[in-house]
Amino acid sequence: MREKEDMEEQDRGSDKHDGGDPGARQGRQSEQGKDGRQAGPNEISPSSSEQARKSQRRIPDSMKDWKELLKETIGFEKSFEVQVREMTFGGKRAAFLFLSVFAKDASLTEIIKRLTYLEPESSMDHDAMHTFLECYMPAVQIKKTTSFPQMIDEVLMGNTAFYVDGEPAALLIDAKAYPSRNPEQPSLEKVVRGSQDGFTETLLVNVALIRRRLRDPNLRFEIMRVGRRTQTDVCIGYIDDIANKELVESIRDKIKAIDIDGIPLADKQLEEMTVKSGWSPFPLVRYTERPDVVAAQLLDGSVTVIVDTSPSAILLPTTYFDLVQHAEENRQNPFMGTYMRWVRYLGMTASLFLMPLWYLFNERQTLRPEWLWFVGAHEVGQIPLILQFLIAEIGVDLLRLAAVHTPAPLVTAMTLLSAILIGDIAVKTGLFINEVILYMAVSAIGMFATPSYELGLANRIVRLGLLLAVFFFHEIGFVIGTTFMFLFLSLERSFNTPYLWPFLPFNAAAFRDILFRQPLSYNKKRLSIYRTKKNRKQPA
């Protein structure tokens with residue numbers, strides 16, 4: 001009997017919070033699970049704030065109850081940036097709920113200034129909220145809501161909620177100002193000629209940079225939120241009459257299916273939750289910091305995913321050969337663009353195979369062709385060759401990490417000091433030989449010439465694997481290692497797209513476009529891999 005009375009008392013207390021609304025109580029109970037039980041050990045249990053927010057479905061019509069709920073859900077009177085500004089307009093007690101760190105002071109001050117002109121005897125007895133919305137609220141973007149969770153979510157985004165005592169509703173005013181920086185030159189995708197603006201950490205700015213280049217009425221940007229706690233804005237961009245509908249739906253469904261506390265590291269964590277690359281070192285998505293690259297890819301049928309707080313965008317689907325393209329090639333004429341592309345391919349190939357092949361020919365000189373008579377070590381250092389290569393690889397990685405963590409004015413001095421003193425002293429003392437330093441430098445240059453930073457790191461892992469394979473199994477190890485890498489890449493897929501397309505499966509026209517930078521007038525069709533709704537870009 002005592003337990004039954006306690007349960008009834010809890011129900012009466014929760015009904016009081018729900019404002020006597022049975023629908024709110026039913027919604028609260030549904031949060032416990034479809035079968036009426038609490039969250040299991042393998043499920044994510046909601047926090048007390050989330051439970052309070054989800055249990056109260058409708059906005060209460062009493063300001064006292066409204067403020068009490070704010071204390072439970074958003075930390076009013078505990079968190080300093082959660083502000084409630086109470087005032088009286090037209091004889092009605094009202095309040096503004098906002099986060100001081102996001103509020104645009106000028107806009108809110110102008111709204112309050114205009115509302116203070118209302119006389120106390122103004123007729124607002126009936127549906128005051130509607131009267132404020134239609135007649136007296138000087139704001140461009142504003143909407144009305146009766147949902148308490150929606151009001152809290154909008155405030156956490158930076159919007160301002162306007163509440164009137166006695167009205168079970170609120171007006172959501174877009175008067176926010178995010179901390180942001182101006183578009184600057186991308187750090188990883190620099191070009192000699194062309195635009196120097198890149199993405200920033202603000203989603204709205206990034207969308208504006210793309211819209212500026214694509215004034216297509218069919219361009220769509222769908223926004224959704226990911227993360228129970230972070231509520232991170234994620235935007236999917238595509239051209240409606242070009243992009244493959246199944247691809248867009250697949251990306252949308254994968255993002256909606258994410259159930260996690262949050263993605264504070266933005267696009268990288270979103271990639272891991274959607275692409276499921278596992279332990280593969282190769283990137284299955286393409287990152288870019290350039291809005292012009294995104295615009296060009298959207299016209300070809302790609303889909304872009306932009307995550308708020310990240311200065312880069314994701315392009316889907318992605319192939320291995322997409323990752324070796326660079327905007328600079330299209331900023332030059334076709335001949336020079338092709339030449340630059342081949343130089344880049346040569347550097348990437350050298351970064352993968354130069355060191356393993358040199359080590360193989362040095363160890364097995366009978367395999368060395370006569371015209372490569374100069375290949376091989378004429379002197380032997382005090383450290384075995386394989387250890388010299390491994391130490392050099394780790395040394396380059398340490399230099400790269402040190403350059404990232406070193407203040408910009410000291411990077412040049414640190415690099416020169418490390419390269420000249422450490423490298424020169426290591427050779428003069430006999431620990432290393434000149435050839436190891438030379439071929440390690442050529443391989444590092446080829447890695448840095450790779451347009452995709454993630455692909456450059458993956459190629460380094462492949463190079464290390466080939467070195468170890470040659471050390472243990474000689475020429476058999478090189479052949480097996482190269483074959484394994486090729487088969488691994490052949491089986492990889494990015495959103496159901498073959499990773500080595502157009503090489504496997506082979507497409508002659510598309511593979512020609514990869515080898516040669518074709519004039520724009522020759523590119524009349526979109527790539528078949530995107531399965532676009534409209535195949536042609538230009539008249540035949």
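Just so it is clear, the model here is predicted, and its values are computed rather than measured. Hydrogens, waters and symmetry mates play no part in the numbers below; they use all other heavy atoms, side chains included. Residue indices begin at 1 and follow the sequence shown.
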Smallest separation among heavy atoms of [X] and [Y], with atom names:
X      : Y      : answer
Ala169 : Ile59  : C-CD1, 3.8 Å
Arg225 : Asp233 : CG-OD1, 3.5 Å
Lys176 : Gly158 : CB-O, 3.1 Å
Ser490 : Leu504 : OG-CD1, 3.5 Å
Arg213 : Ala295 : CB-CB, 4.1 Å
Ile111 : Ala139 : CD1-CB, 4.2 Å

To the nearest 0.5 Å, tell me how far [X] [atom1] sits from [Y] [atom2].
X      : Y      : atom1 : atom2 : result
Arg341 : Glu329 : CZ    : CD    : 4.5 Å
Gln297 : Arg290 : CD    : CZ    : 13.0 Å
Ile255 : Ser250 : CD1   : OG    : 9.5 Å
Phe148 : Asp153 : CZ    : CG    : 10.0 Å
Leu247 : Lys245 : CG    : NZ    : 13.0 Å
Leu108 : Thr160 : CG    : OG1   : 4.5 Å

Keeping [X] on the side-chain end and [Y] on the backbone end, is there a donor-acceptor pair under 3.5 Å?
X      : Y      : result
Thr145 : Ser147 : yes
Thr200 : Pro311 : no
Ser443 : Met440 : no
Asp216 : Asn218 : yes
Arg211 : Leu219 : yes
Glu77  : Gly75  : no
Asp308 : Leu203 : yes
Asp322 : Thr319 : yes

Side chains of [X] and [Y]: closer than 4.5 Å at any heavy-atom pair?
X      : Y      : result
Leu464 : Leu390 : yes
Asp259 : Arg228 : yes
Ser195 : Arg331 : yes
Met151 : Leu70  : yes
Arg493 : Pro498 : yes
Phe486 : Leu500 : yes
Lys537 : Leu299 : no
Ile529 : Pro317 : no

The test is side-chain hydrogen bond (donor to acceptor under 3.5 Å, both in side chains); show your working for Asp267 and Ser310 and say whether it passes. CA-CA 7 Å; Asp267 46 10; Ser310 174; 2.6 Å; yes
Walk me through it: do Ile251 and Thr274 pass the test side-chain contact (heavy atoms from CB on, under 4.5 Å)? CA-CA 8 Å; Ile251 297 174; Thr274 53; over 6 Å; no
Tell me if the [atom1] atom of [X] is crowded by more than 12 foreign heavy atoms within 6.0 Å.
X      : atom1 : answer
Arg220 : CZ    : yes
Phe488 : CZ    : yes
Asp253 : CG    : yes

So, using ring pair (Phe, Tyr, Trp, His ring centres under 6.0 Å) as the criterion, who are the partners of Phe96 when residues are at least two apart? Phe162
Given side-chain contact (heavy atoms from CB on, under 4.5 Å), test Glu492 with Leu284 step by step and report yes or no. CA-CA 8 Å; Glu492 284 279 33; Leu284 298 182; 4.1 Å; yes
So, [X] and [Y], do they make that salt bridge, N to O below 4.0 Å?
X      : Y      : answer
Arg531 : Glu246 : no
Lys144 : Glu154 : no
Lys534 : Asp241 : yes
Arg344 : Glu328 : no

For Tyr499 and Leu323, run side-chain contact (heavy atoms from CB on, under 4.5 Å): C-alpha distance rounded to whole Å, both residues' side-chain angles, the deciding distance at 0.1 Å, then the answer. CA-CA 11 Å; Tyr499 198 54; Leu323 300 172; 3.3 Å; yes
Which residues pass the salt bridge (Lys or Arg N to Asp or Glu O under 4.0 Å) test with [X], sequence neighbours left out?
X      : result
Glu184 : Arg181
Arg286 : none
Lys268 : Glu271

Of Leu99, Val155, Leu156, which is the lone residue that meets side-chain contact (heavy atoms from CB on, under 4.5 Å) with Val82? Leu99
Pairs touching residues 178-237 that satisfy ring-ring contact (aromatic ring centres under 6.0 Å, His included), sequence neighbours left out: Phe102-Tyr178
Would you list the pairs meeting ring-ring contact (aromatic ring centres under 6.0 Å, His included) in which at least one residue belongs to residues 65-85, sequence neighbours left out? Trp66-Tyr163
Show, in sequence, the C-alpha distance, side-chain angles and deciding distance for Trp501 and Ser528, and conclude whether the side-chain contact (heavy atoms from CB on, under 4.5 Å) test is met. CA-CA 10 Å; Trp501 188 91; Ser528 60; 3.6 Å; yes
